[in-house]
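Please read the structure below before turning to the comments.
Quick note on labels: first sequence line is chain A, next is B, and so on, each numbered from 1.
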Amino acid sequence: MPEIAVDALSMSFGTNQVLDNVSFTVHEREFLTLLGPSGCGKTTTLMSVAGFLRPDSGRISCGTQAFYDHAAKIYLAAEDRNLGIVFQSYAIWPHMTVFENVAFPLKVRKVKGEPRRRRVMETLGLVEMADYAARYPHELSGGQQQRVALARALVYSPSVLLLDEPFSNLDAKLRERARTWLMGLQRDLGLTTLFVTHDQDEALSLSDRIVVMNKGSILQVGPPEEIYRRPDHRFVAEFLGHCNIFTGHVTHVQDQLATVQLDTTQQRLTLPVGAGAPGDQIDVVVRPEAIILSEDLSQLSQGVNTYRAKVRSRAFLGDHYVYELELAGLPLTVTHPTAFSAAELTVHIPVEACRAMTNHTETTLI
Amino acid sequence: MTTLTHAPPSAARLRRLLPASAVQAVTWLVVVVGVLLPIVPLLYASVQDRPIYEAGGVFTVSPYRQLFADPAFWQTVRNTLEFATIATGLSVALGGAAAVACSRTDILGRRVWTKLLLLPILLPPLGVILGWNALYGPGGYATNFITRTLHIPLNLTSVIGMSALGTVVAMPVAFLICQASLANVESSLEDAARSVGARPLRVLSRVIVPMMRPALLNSALLIFTLCIESLGIALILGAPAGNEFVASYLYNTWSNASTIDPGAVSAGAMILLLCAVGLLLLRRVLLGSEARFISVTGRGRGSDKLLELGRIWRPILGVVVALYLLITTFAPILALALQSSVSLLTPLEAPWHLWTAGNWRQLGQPVFMSSIRNSVEIAAVGAVLTTAVVALATTVAHRSTFKLRGSLQFIMMFPRSMPGIIVGIGFFWTFVLVNPPGSALRNSIWGIVLALSIRSLTLAYLVLYPALAAVSSSLDDAARSAGAGWWMTMRRVVLPILRPALLASFILLFVSILNDYDPALFLVTPGHEIMGVTMLDSLKQGSTGPAAALAMVQVAVTVVAIVIGTAVLGRRSRRTHA
Ligand SMILES: Nc1ncnc2c1ncn2[C@@H]1O[C@H](COP(=O)(O)OP(=O)(O)OP(=O)(O)O)[C@@H](O)[C@H]1O
Ligand SMILES: [Mg+2]
């Protein structure tokens with residue numbers, strides 16, 4: 001299985017710059033996800049790799065083969081790239097049975113007779129659809145159609161699998177099952193996979209690495225945990241799950257710890273040295289589940305980053321509670337497994353749960 | 001799982017690329033040449049001082065001067081404009097009203113009317129004209145009753161009388177376009193208006209009619225174009241009484257001239273063409289390019305919420321539509337059938353006293369038999385060929401990366417607005433100039449196949465384009481990513497999905513080519529007549545009985561084709577929706 005390298009890809013539709021210098025690599029057998037809000041250019045990137053869109057500049061290669069190279073004027077037609085693609089709409093051909101759909105790529109490759117039949121049935125078995133071989137697409141459920149689309153993309157053992165939001169047409173339950181199942185399949189076959197989604201849960205649970213995009217450019221690349229725990233960018237933090245963001249400026253730095261004076265309050269926050277030297281304006285991101293709550297007000301004086309907060313509301317969400325608190329005038333969201341009924345709580349923000357990043361005032365909320 | 005990798009055979013790449021662009025280029029060339037073929041020689045002939053097959057011609061505008069100097073020409077221009085204006089106004093009003101009634105109200109017999117109101121464009125135009133003539137023409141079955149008893153001054157040979165028939169024939173066009181546009185409009189808009197207290201009639205006038213304005217404008221321009229080129233009505237009804245239209249004037253000048261004198265005729269044809277092109281451009285400007293397809297994008301969605309007419313108006317309006325259909329369509333066809341079975345057309349004697357099988361027996365004559373056979377053959381062959389070419393051209397225009405694909409989209413709309421006699425005269429000159437194969441084409445049915453096919457090209461495009469647009473392009477992307485080239489993708493994936501639309505296009509083209517005749521008037525050679533031309537010939541010789549019988553044959557073939565077509569299409573769509 002080769003690796004896919006995308007290098008300095010740019011593209012615009014008219015005056016609308018859709019991709020701006022996009023570079024990333026999908027390593028061999030890796031599951032890489034392009035994650036970003038709607039319209040950020042994920043499909044455009046995927047379709048450029050697939051050969052259905054021609055970027056304005058940059059380079060795309062697969063192993064040693066150049067798919068697209070603006071400088072060298074190379075552009076390989078989609079049908080010659082030997083990639084497996086699952087479209088968002090599945091794109092199963094309605095006039096062919098499940099068997100014929102999956103057999104088509106083999107027909108194109110002149111695989112005939114018994115070997116073809118065996119190969120098709122083998123692939124259908126892989127996606128647990130062997131019993132439906134004679135059915136027409138309109139006789140299948142959404143989940144089954146999606147598996148047929150996958151079988152059709154896998155049947156000729158393509159070098160790379162591309163998936164564009166393959167689960168977006170499935171209901172929540174089915175989506176979960178399909179995810180687990182796709183992950184198993186991908187690991188078993190060792191497929192190099194490029195996956196597109198705007199669903200952060202999907203990205204976090206499936207990927208080896210995630211590429212976070214916004215407005216046509218890449219913000220951060222890394223394994224799910226790293227992206228979640230150590231976002232480089234306020235946008236990345238906000239896009240991947242809930243977070244509390246404080247703004248303030250660094251007052252002093254000592255022993256790898258920085259002290260930050262929060263805006264509009266007297267409170268200070270201690271956190272690991274990250275972005276910013278003394279005097280700099282920074283953002284501090286804290287995940288709601290990393291904050292520790294307690295009813296015991298006596299702990300207040302002990303330790304750094306311990307505060308008292310008023311409880312504004314509490315909501316029950318099955319396995320945990322969501323607290324909306326007020327900390328010295330600042331709103332704070334905390335999730336915690338315990339039900340507290342006091343009107344005031346002790347809030348402890350562990351030093352390592354804080355993530356400082358430079359204040360990008362130009363980044364807007366999604 | 002085995003990991004043998006089936007790479008796409010890279011040697012096959014070149015093989016695969018070549019045919020794709022070759023097929024695309026050939027398709028483009030066939031369509032473009034086919035459409036331009038009749039126009040270029042016509043333009044050339046209209047600025048030459050002598051017939052273009054004679055050597056030594058020089059450039060001149062005298063054909064135009066000659067034409068403009070003829071007062072008879074200007075009279076026909078006035079007649080044509082009067083006819084087109086009246087017929088357009090009335091047919092748009094009627095068609096729009098019928099569309100609202102059939103898709104927005106619970107009028108009695110709604111579903112039946114929706115189908116039957118389309119009949120006049122599907123039935124053979126000559127049959128309808130002859131039927132009207134038998135019923136309302138001079139000495140027709142109903143003429144006395146209408147003029148003497150009802151005191152309605154009906155004169156079918158006058159411009160006003162012909163406009164009445166023109167209205168009836170054009171009405172389905174307006175009906176279709178308005179119906180399609182109504183089907184695209186949410187009925188929730190009407191519900192919203194009613195929920196704020198508007199009464200049904202007010203909803204009609206304040207909400208529905210304004211929403212239909214683009215559709216009304218579109219149908220008006222289209223019908224006006226069709227009226228300007230109208231030939232048959234004037235040829236059969238008006239001309240004997242001296243009321244000619246431009247098209248019939250040109251035809252009669254052509255066929256009565258001592259020499260083959262087409263200078264003025266070609267000039268007149270050019271002027272008709274310019275008007276048609278002007279109107280086409282006007283439509284594009286006024287409606288935007290999308291409006292071209294309004295007529296066929298209807299999804300028949302209109303059954304969800306209907307305006308209730310109430311106990312009185314529901315049956316009354318239903319009866320009005322029934323009467324309209326009876327008077328304009330069924331009674332004339334019945335009169336035609338009657339005329340084909342009597343020895344003399346007269347209201348003064350009971351028809352059963354004049355009963356004869358003579359007219360039908362005359363159809364046994366070789367010229368009638370061969371023109372029936374030719375017509376059916378030409379229609380079948382033309383419909384197959386045109387559907388195939390247009391199917392390819394539509395995929396090239398909308399599903400390929402071919403450089404000149406944009407031009408196809410416009411060119412395929414063009415033949416529809418090209419008057420029939422232009423196609424006829426144009427191809428006549430083309431066959432004279434490009435020889436071989438010109439005379440070989442002229443001396444077989446293939447010349448007529450070519451002319452009638454080109455003329456019906458737009459219809460096929462109007463059926464196939466919306467069907468193709470409804471096929472998601474990710475279906476062909478999927479085939480490409482599976483390794484199939486353009487040509488294989490079209491052949492194995494896109495065209496098979498379009499099968500119902502291909503069939504619909506075939507049926508429509510069969511009927512339309514079968515009943516078309518104006519281009520053929522200029523192209524027939526002995527032994528290669530078609531029904532319409534033979535009919536006009538025997539009318540000219542005064543044998544109306546056999547002409548009526550032949551028209552009945554045309555009606556019968558048409559009805560059979562439509563019935564078979566709808567049955568097959570109906571079964572198919574049931575199967576796919578199962
Ligand atoms: N054919 C086109 N012409 C013009 N603009 C386009 C075209 N296709 C996409 N765009 C624009 O490019 C941008 C990126 O589109 P793209 O489809 O890549 O988004 P996406 O990240 O896949 O979004 P989603 O999650 O909604 O699928 C969008 O702003 C879109 O409006
Ligand atoms: Mg997308």
Inset, instruction - Using the side-chain hydrogen bond (donor to acceptor under 3.5 Å, both in side chains) rule, collect all pairs that involve residues 144-153 of chain A, keeping only residues at least two apart or in two chains. - result: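 Sorted pair list: A:N101-A:R152, A:Y132-A:Q144, A:S141-A:Q144.
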Do you know the tightest heavy-atom contact between [X] and [Y]?
{"X": "B:V493", "Y": "A:F104", "value": "CG2-CZ, 4.2 Å"}
{"X": "A:F87", "Y": "B:S474", "value": "CD2-CB, 4.0 Å"}
{"X": "B:R492", "Y": "A:H95", "value": "O-NE2, 2.9 Å"}
{"X": "B:L475", "Y": "A:P94", "value": "CD1-CD, 4.2 Å"}
{"X": "A:F52", "Y": "B:R480", "value": "CE2-CB, 3.7 Å"}
{"X": "B:S481", "Y": "A:Y156", "value": "O-OH, 3.3 Å"}

Inset, instruction - Assess whether atom CZ of A:R187 is packed by more than 12 heavy atoms of other residues, nucleotides or ligands within 6.0 Å. - result: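 Yes - once you tally the heavy atoms of other residues, nucleotides and ligands closer than 6.0 Å, there are more than 12.
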Inset, instruction - Could I get the full list of ring pair (Phe, Tyr, Trp, His ring centres under 6.0 Å) partners for A:F31, not counting sequence neighbours? - result: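 Expected list: A:F195.
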Legend entry - Part of A:L162 lying under 4.5 Å from any heavy atom of chain B: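 Contact with chain B is absent: no heavy atom of A:L162 under 4.5 Å.
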